[in-house]
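Have a look at the structure below before the remarks.
Throughout, protein chains are lettered first and strands after them, A, B, ... in sequence-line order, and every chain is numbered starting at 1. Computed from a prediction, not measured in an experiment: that's the story for all the values here. Atoms considered below: every heavy atom in the structure, side chains included; atoms not considered: hydrogens, waters and symmetry mates.
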Amino acid sequence: MPDKPKVAFYWCASCGGCEEAVVDLAEDILKVVEAVDIVLWPVAMDFKKTDVEARPDGSIAVAFINGAVRTSEQEEWARMLRRKAQVVVSFGACANLGGIPALANQFKKEDILKFVYEDCPGVDNPSRTRPQTSTVDEGRTVTLPEIRNMVRSLDQVIDVDYYLPGCPPTPKIIMAAVQAILAGKLPAKGTVLSPDIALCEECKRKDSKPADLSLTEFKRPHQIQIDPEKCLLAQGLVCMGPATRSGCEALCPSGNMPCTGCFGPSSRVKDQGAKFVSSVFSNIAPKEAADIDKVLDGIPDPIGTFYRYGLSKCILRRKIN
Amino acid sequence: MADNNGNKPQPIGLPRIGFYVCHCGSNIAGTIDVAEVAQFVAGLPGVVVSRDYKYMCSDPGQEMIAQDIKEHKLDRLVVAACSPNLHEETFRKAAAKGGLNSFLFQMVNIREHASWVHEDKKAATAKAKGLARAAVYRVRFHKPLEKQQVPVDPNVLVVGGGIAGIHAALTLANAGKKVTLVEREATIGGHMALFDKTFPTLDCAACILTPKMSAVKSHPNITLWTYSEVAKVDGYVGNYKVTVKRKPRYVKEDLCVGCMECIDACVFKEPKFTDQFNQGLGKRKPVYIDFPQATPKVVLIDPQSCIQLKTGKCKKSCAEACDRDAIDFTQKEETRELQVGAIVLATGFQAFDAKKEPRYGYGRYPGVYTALEIERLVNASGPTSGEVVLRDGRHPKSVGIIHCVGSRDAKTNKWCSRVCCMYSLKLAHLIQEHSGAEVYNFYIDMRAPGKAYEEFYDKLLSEGVHFIRGRVSEVTDWAMTPEEEGKLVLRVEDTLAGFVRRIPVDMVVLATGLEPKADAQEVRRRFNIGCGNEGFFQERHPKLAPVNTFTDGIFIAGACQAPRDIPDTVAQAGAAAAEALVLIDAGHVELEPNTSHVVEEECCGCKSCVPLCPYGAITFDEAKKKASINEVLCKGCGVCAAACPSGSIRQNLFEDEEIFSEIEGVLAK
Amino acid sequence: MDKKVQEIYDQTQKIANQQYMGHRRVTIDPITRLEGHGKIDIFLNDQGDVDRAYLQIPELRGFEVFSRGRPAEDMPQITSRICGVCPTAHHMAAAKALDDLYQVECHPVGRKIRELVYNTFMLEDHALHVYILGGPDFIVGPDAPKELRNVIGVIGKVGLDVGKKVISTRRRLREIINYAGGKVIHPVLGLPGGVAKGIAPDQLPQFRQIAQEGLEFALFTLQVFKDIVLKNDAYVKLITSDAFTHKTYYMGLVDKDNRVNFYDGDVRVVTPEGKEYAKFPVQKYLEHINEHVEPWSYIKFPFLKKVGWKGFVEGADSGVYAVAPMARLNAAEGMATPEAQKARDEYFKILGGRPVHHTLANHYARVVEMIQAAETIVQLVNDPEITAKEFRTIPTKTPKSGVGVVEAPRGTLIHHYETDENGLMRMANLIVATVGNSARIAMSVDKAAKGLIKGGNVSEGLLNKVEMAFRAYDPCFGCATHTLPGEMPLIVTLRDLKGGVIREIRR
Amino acid sequence: MSKPMEQGAGAGFEPRIVAFFCNWCTYTAADLAGVSRLKYAPNVRVIRVMCSGRVDPQFVMEAFAKGADGVLLGGCHPGDCHYAEGNYKTLRRMRMLERMLKDMGIADGRFRLEWISGAEGDKVKSVVNDMVAKVRALGPLDLPGKFAEWDKEIEELEHQISAQPAKEAVHAR
């Protein structure tokens with residue numbers, strides 16, 4: 001099957017959920033397999049790095065790369081695939097925005113190593129041993145890759161053509177993207193392949209949002225019985241929907257929990273968290289600083305809440321420390 | 001590598017920018033090396049022409065710009081000079097003259113914000129460069145815009161039927177405009193109707209006021225709604241929609257001729273209810289009229305005291321007495337709506353509440369009166385027909401007038417009420433005239449600015465009225481000497497004589513000051529105008545726009561803006577009427593195009609923006625499930641543009657790209 | 001190039017070359033058909049036989065650390081991102097940790113919904129491994145060409161209809177999770193005291209049908225396994241071969257009758273002889289489990305504290321223990337449901353009685369567990385109470401510390417949180433399933449390599465068999481490496497003790 | 001989150017401060033300061049907006065990212081907003097923004113919100129001078145510099161990649 005376009009799937013710092021999402025194409029995956037020639041897909045196929053490296057540059061039609069980038073190895077893979085592929089699709093929240101792993105950008109690498117190998121309960125490590133990039137054990141040199149100091153989105157490391165949003169992207173938008181690419185119906189470079197409009201558009205609760213919402217306090221989901229019909233913001237829960245791209249058909253709200261923003265912002269917004277803040281807090285009720293602060297206290301972890309998936313793409317990129 | 005730009009479109013191709021930096025004589029050039037700035041900007045991308053010139057705002061300066069636009073096919077213009085608040089319009093016109101849309105222009109403020117506030121030439125020049133670069137970066141994103149014109153409704157609303165409202169209404173009506181005058185009380189006339197005489201001429205207040213009152217009533221162009229209040233104001237300059245509530249009088253206004261038969265016929269043979277018009281000094285019946293010349297001359301029934309309205313069990317002799325069947329116990333409050341192009345607010349003032357100065361014993365000693373009470377006492381049509389008698393019926397032998405009660409006082413009101421000195425002199429004169437009593441004025445210092453005021457003061461001095469310079473510390477009935485027995489004693493330090501004195505008198509008059517109406521804040525919100533710190537309505541500019549407000553099409557006149565006397569009030573009312581006429585006769589208004597708009601296909605209908613707009617410009621279209629902005633209602637603050645969580649609202653002249661590029665421009669190294 | 005850049009360039013060039021020289025090795029790159037990343041480093045002696053094989057996990061994502069300061073109620077959603085294949089396991093362990101943290105009893109209806117979601121997840125996740133990840137080794141065969149050793153090959157072997165059935169059943173099962181959890185990958189139902197969303201009565205008929213199909217599917221899978229694997233002596237020999245056998249302790253959750261339970265119960269440990277060694281509520285895990293650190297791997301090696309760490313050795317004196325399907329069946333006295341019980345008895349009969357020590361038996365045990373999961377789902381969807389309107393108890397107590405445990409498909413999974421009084425995370429400790437197996441996996445790989453690689457002769461099939469040694473655990477290195485994002489291939493280096501390279505193979 | 005740590009004052013360091021002033025109050029006050037010939041530090045660059053409510057937290061972050069050592073936001077006093085309540089909206093947003101900046105390690109005092117009425121030219125002077133002094137004491141923030149420094153680790157690899165055949169580079173670190 002030489003004439004079929006060649007497709008590669010690869011994962012960097014990811015949880016495997018994006019792979020699962022592809023597997024969740026279920027019956028459709030057979031269509032994809034018929035239409036293309038998968039030349040790399042570690043989670044499900046035995047093709048190896050050398051197989052890919054052996055291919056001429058630009059010989060792969062599309063490379064779907066998921067996961068954030070944190071190690072030199074991932075940078076190498078990303079660059080290699082960039083060379084081999086005509087089109088690189090940044091696949092999923094981690095590749096697009098840093099994702100959950102990017103929350104580590106609020107901490108130093110040392111914080112992590114110290115806790116995990118020394119301070120964490122149950123660790124039996126009197127010699128304070130730490131994993132080394134290179135160890136000599138009875139004359140045998142064993143090595144590990146180096147961990148970078150911050151978590152990056154894919155486009156902070158290589159040039160990216162398109163973005164598939166979501167944690168993970170839904171089968172529906174994956175399929176739409178694959179079909180668009182196969183059909184050669186390519187939008188402008190840099191396009192995020194889901195509707196460029198916020199989530200409320202798709203949310204069944206949309207109509208229940210009052211036009212004069214003015215919050216006097218924020219609630220945390222475990223503190224209240226959540227009304228399954230009513231707008232979650234109107235219930236005082238932080239729902240990122242208004243500042244988040246649509247395309248998932250409001251899955252989390254359909255699970256009776258607020259949107260946490262995994263699809264990222266619209267193309268008109270640079271910084272999802274900042275923009276959400278600009279919107280929601282303009283509307284809270286109090287006018288005095290002290291009363292305002294009481295309301296804000298309802299959101300004890302602003303960064304983790306407004307940048308749940310987007311810290312690599314926060315305008316400030318990481319915590320200065 | 002992507003810089004958080006997603007798929008944001010970049011401007012296509014380079015613009016052709018003309019840059020001009022003004023010397024402003026030495027105002028700018030003295031501190032900023034303008035040539036260096038011009039040279040620096042010449043090197044920036046897209047800059048085709050870069051010049052410095054002595055006075056950009058001069059005709060040759062503007063001409064040069066217009067010329068260059070044509071010659072060099074400029075499509076963007078940046079001028080670095082003074083504050084845009086001064087000359088933005090000038091250079092917009094210059095651009096237009098050159099055939100360029102006025103809004104493809106950005107102004108850089110290097111005078112007020114640089115040359116005038118810095119001494120270090122290098123630093124000031126560097127700053128000027130940064131600001132200029134920001135404008136150059138920004139202007140490339142500018143889009144051609146047009147000022148929209150909206151027609152102006154020729155009708156006017158005047159709120160408040162005091163002398164200010166009356167005069168404004170008559171002026172407008174005489175100019176042929178349809179005017180609706182809305183007054184809260186049952187009659188127009190306001191405070192002036194309470195007065196007997198007016199200073200300094202001592203002419204009869206009624207004689208000069210009542211003709212104007214009846215002129216209002218009879219004027220074909222004036223609709224008079226008394227006993228009514230403005231409940232709501234929607235719309236915008238030239239096109240206000242006003243909702244007015246009309247309280248029930250229980251008397252058909254069109255039928256009543258004010259014969260007052262009903263009052264005589266009332267089941268209450270004697271008046272026994274407090275008469276507010278007479279400051280509570282007189283009594284009235286449940287069916288009453290404030291005073292003989294009340295306008296409209298229509299009685300009204302007080303539901304609090306009328307048996308029929310309270311219990312429904314009255315033989316309704318009043319109704320029987322009316323041969324025109326004007327009495328109607330079933331009347332309900334009505335709501336009316338008006339369309340007007342302009343509004344004149346003349347809601348007046350309230351007198352300081354003397355009870356807030358307990359040391360003067362008002363409300364505790366029957367012998368203590370407020371100035372307004374005295375106005376009624378000395379008034380021929382007042383409760384005592386002008387006879388000065390105390391509450392206990394005695395005639396005062398001596399009277400003390402305390403100035404500045406609730407004025408010029410850190411504890412109450414800081415400001416000078418401006419009229420108290422003069423009306424105290426007037427009252428001193430009238431009391432002496434009506435009762436022959438000894439009159440003492442206790443003043444801080446005598447303020448008599450105004451035509452013939454100082455002369456009036458001299459006149460009073462010659463009339464033997466006593467003047468004691470000093471602030472009265474207290475009024476007491478505690479007699480220390482036999483002659484003080486049964487008298488009210490005023491303790492005061494005579495600052496001229498330099499010792500403390502005790503002056504026993506029969507009557508004390510408190511010259512209470514003027515303060516904003518209790519509901520001034522509600523009213524200003526209803527009309528979306530501002531109040532100063534002291535609570536009077538805020539004029540747009542204290543000197544150059546005294547009757548304008550920050551809300552176009554809404555003007556203020558009289559004591560609602562600050563304490564003032566009748567001549568100034570009338571003058572200001574005329575000015576407000578004139579401003580309204582200017583607006584109306586122009587026929588249309590031009591709106592600054594810095595409004596916001598929703599990009600419909602980008603709007604998800606989250607409604608986040610809807611409650612943000614104080615002008616109700618943003619509405620939610622239930623059919624489309626999208627927000628939309630009425631750009632005529634929009635005042636261009638940009639709050640919604642900043643708050644739209646998906647960036648789907650744009651503010652003209654302040655689009656995100658424009659501001660982001662400005663940020664980059666001021667910081668670029 | 002300007003001078004500075006030139007310097008950096010030369011310097012890095014030097015380091016690069018050094019490292020390159022020091023690193024030349026045979027690699028299998030990357031390990032495939034498992035979630036996440038693993039690396040094996042094999043040293044040969046002069047005879048070209050295996051001297052020592054290291055299993056290395058080169059990842060660390062730092063969840064424990066970047067959870068700090070986050071609201072505890074976000075943990076089910078944050079920790080599910082440890083692994084997208086078993087997000088539900090982390091989600092559920094976290095939710096249970098929150099119950100404990102807030103000292104709130106999970107609402108009975110909420111519990112039923114959680115168990116429904118959880119067993120559904122167990123069933124479809126095991127199915128994923130059997131048919132897509134591990135299965136190909138047996139169904140298609142370890143020596144089959146690599147183009148075929150995958151789900152496509154499986155379909156080729158079992159037929160397109162069966163393949164489609166597998167795919168559709170799995171999709172339908174995931175619809176249940178999707179409904180109750182909002183999302184099937186990274187669901188959102190878990191909250192302290194219950195779940196976020198109830199089940200509408202009108203959903204039940206559909207769920208009942210799916211449950212029935214699920215059960216039939218599980219039984220069908222058992223049949224497939226018997227037909228293709230057990231009827232093939234070569235496979236059985238491979239499974240029971242010494243290369244894939246270790247006598248270690250075994251750990252798993254059991255209900256009060258010591259039967260296998262995936263969602264809840266006490267942690268039970270049995271000796272290599274199958275005798276009960278310990279049984280404890282998870283809150284006491286620190287009294288029983290400690291973690292050992294090696295400088296050559298980011299993964300930590302848990303062991304039984306009271307037995308102690310004796311290195312990578314088997315037997316009753318070594319604290320090394322195993323988790324996951326085979327271990328669960330060993331650690332329990334029986335299954336909780338009838339069909340599963342039958343299958344279990346047959347399993348032990350075929351493999352020579354409890355406990356079973358053959359690593360590859362995990363595949364078989366997994367199929368047995370699929371049946372219990374399926375039967376449990378059928379029970380739950382036929383329980384009318386599951387559609388009740390109330391399904392969550394709002395916590396009222398002040399949070400401090402909480403521990404939650406579930407049996408993830410890959411073994412016992414423990415989440416331990418400590419918070420301030422406002423419920424903000426101070427400390428998180430996660431002992432994830434694959435880590436529980438890490439020591440045994442390391443041993444398996446070492447042993448498999450030693451058993452399979454002789455005289456430096458390494459074939460592609462042999463290397464795949466080495467991979468099988470840990471694919472059998474269905475190790476999820478997504479999970480194992482919940483602490484730094486990173487990816488590392490499986491690397492097999494064949495060299496003499498002096499480090500000289502004997503042969504370099506790249507797959 | 002832990003306390004922000006930044007380098008101390010650099011010698012002869014001149015802070016760069018971006019200011020967003022509302023047209024009706026603070027910008028007018030700055031004009032008044034000019035008309036009154038008040039002298040203040042030249043470190044501030046003013047960007048004019050119609051209302052402080054137009055200022056989006058993105059602008060503040062972008063200013064820092066593009067090299068500002070401090071960001072000053074000026075609006076009308078509460079109650080005096082030309083647009084009725086725009087400044088309350090500003091206040092609410094910015095209270096939250098302040099918390100976020102802190103969590104991202106940006107020291108207190110680098111961002112400042114001030115109410116300055118059209119009549120308070122002298123306040124423009126005192127606020128600017130005070131802020132410049134405080135930011136000077138904090139030292140440079142220089143985010144563009146930090147970004148470059150952070151990205152060195154991946155650039156170095158870039159050089160090796162360009163310097164070596166891909167196959168071998170795979171093993172380089």
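When each of A:Arg70, A:Arg152, A:Lys109 is tested with D:Glu153 by the rule salt bridge (Lys or Arg N to Asp or Glu O under 4.0 Å), just one qualifies, namely A:Arg152.
In terms of heavy-atom pairs under 4.5 angstrom with chain D, the leader among A:Leu311, A:Ile284, A:Ile299 is A:Ile284. Across D:Lys89, D:Arg92, D:Glu85, the residue that shares the most heavy-atom pairs under 4.5 angstrom with chain A is D:Arg92.
Geometrically, D:Arg93 does not engage A:Phe281 in a cation-pi contact defined by less than 6.0 Å to the ring centre and at most 45° from the axis. A:Lys287 forms a cation-pi arrangement with D:Tyr88, by the criterion of a distance under 6.0 Å to the ring centre and an angle within 45° of the ring axis.
Proximity to chain D (any heavy atom under 4.5 Å) is shown, for A:Leu296, by both the backbone and the side chain. Heavy atoms closer than 4.5 Å to chain D are found in both the backbone and the side chain of A:Arg318. In this structure, chain D has heavy atoms under 4.5 Å from both the backbone and the side chain of A:Asp297. Proximity to chain D is absent for every atom of A:Ala78, based on heavy atoms less than 4.5 angstrom apart.
Ring-plane geometry between D:Tyr83 and D:Trp24 is classed as perpendicular, the angle between the planes exceeding 60 degrees on a 0 to 90 degree scale with a lower cut at 30.
Residues A:Asn66 and A:Ser14 have side chains that bring a donor and an acceptor to within less than 3.5 angstrom of each other.
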